[in-house]
Amino acid sequence: HDREELEMAIKDYTLSLKLQPDDSVVLNNRAVAYAGQDKLELAFADYNRSIELAPFTAMTLVNRGLAYLTTDKLELAILDCTKAIEVAPTRTRAYRTRADAYAGQDKLELAFADYNRSIELAPAEALTYHNRGLAYYHQGELEKAIADLTKAISLDPQLDTAYNNRGLAYYDQGELD
């Protein structure tokens with residue numbers, strides 16, 4: 001989304017909240033838009049209020065978990081995603097986001113378990129293969145990294161970071177073509 005679209009969305013969400021101030025879905029949506037603008041303080045305020053109003057909404061928990069992940073608050077990301085998984089055990093983004101947080105903590109066994117579960121639930125999700133491939137790369141398992149990054153590219157040829165990261169793995173493996 002571009003800045004102008006996000007700003008227009010925020011204005012509409014704000015108008016909606018003037019009419020229905022306790023609408024947890026609109027609060028979540030505005031938080032996502034704020035996060036898209038890197039206005040994380042405002043995003044967290046809306047996520048927190050949304051969760052206060054509807055504490056068992058997996059979508060909002062995952063979104064706040066993702067915001068925690070981007071601010072390096074890995075333990076809080078894990079807590080939100082764990083709660084989201086308890087509420088909605090098939091929400092693949094919860095597993096992937098929690099896996100990313102575990103990977104950030106170097107808890108790779110837990111990360112791989114969550115990446116694998118996410119792939120079981122959504123085998124066509126390129127970003128999960130990409131992120132698992134990165135975890136393999138950082139662990140030095142270059143063949144597995146290349147396989148996952150190749151799978152990510154086959155699922156989403158526009159995922160530019162997958163090409164770069166696969167290139168790094170090939171380079172480290174000594175297989176430059």
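Start at 1 with the first residue, then count along the sequence. What you see is a predicted model, and the numbers here were worked out from it, not measured in a lab.
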- For residues 67-114, the ring-ring contact (aromatic ring centres under 6.0 Å, His included) pairs (sequence neighbours left out) are Phe44-Tyr68, Phe112-Tyr136
List the atom of [X], the atom of [Y], and the distance in Å for their closest heavy-atom pair.
| X | Y | answer |
| --- | --- | --- |
| Ala111 | Ala103 | CB-N, 3.8 Å |
| Asp114 | Ala99 | CB-CB, 3.5 Å |
| Asp80 | Gly65 | OD2-N, 3.7 Å |
| Ala94 | Ile85 | CB-CG1, 3.6 Å |
| Pro55 | Leu61 | O-CD1, 3.8 Å |
| Leu155 | Pro123 | CD1-O, 3.8 Å |

- Query: Under the 4.5 Å side-chain heavy-atom rule for ILVMFWY, direct or indirect, which residues accompany Ile153?
  - Reply: Tyr163
- Partners passing side chain to side chain contact (heavy atoms under 4.5 Å, CB included) against Leu69 (at least two apart in sequence or in another chain): Leu66, Leu74, Ala77, Thr97, Asp100, Ala101
- side chain to side chain contact (heavy atoms under 4.5 Å, CB included) with Asn165: which residues, sequence neighbours excluded? His130, Leu134, Leu149, Thr161, Leu168
- Task: Could you list all the salt bridge (charged side-chain N to carboxylate O under 4.0 Å, His left out) pairs where at least one residue sits in residues 154-163, not counting sequence neighbours?
- Result: none
- Query: Would you say Val32 and Tyr47 make side-chain contact, with heavy atoms under 4.5 Å?
  - Reply: yes
- N-O pairing of Glu86 and Arg98 below 4.0 Å: no
[atom1]/[X] to [atom2]/[Y] distance, rounded to the nearest 0.5 angstrom?
| X | Y | atom1 | atom2 | value |
| --- | --- | --- | --- | --- |
| Thr70 | Leu40 | OG1 | CG | 5.0 Å |
| Asp23 | Arg49 | CG | CZ | 11.0 Å |
| Arg96 | Asn131 | CZ | CG | 6.5 Å |
| Leu17 | Leu27 | CG | CG | 4.5 Å |
| Gln37 | Glu7 | CD | CD | 4.5 Å |
| Asn29 | Thr60 | CG | OG1 | 8.0 Å |

- State, without any angle test, whether Arg64 and Asn28 hold a side-chain donor-acceptor pair at a distance under 3.5 Å. no
- Query: Which side-chain hydrogen bond (donor to acceptor under 3.5 Å, both in side chains) pairs, counting each pair once, include a residue from residues 138-152, with sequence neighbours left out?
  - Reply: Arg132-Asp148, Glu141-Lys144, Thr150-Arg166
- Is Ser24 reaching over with its side chain to a backbone N or O of Ser50, donor-acceptor style, under 3.5 angstrom? no
- Find out if a path of hydrophobic residues (ILVMFWY) with successive side-chain heavy-atom gaps under 4.5 Å connects Val87 to Leu121. no
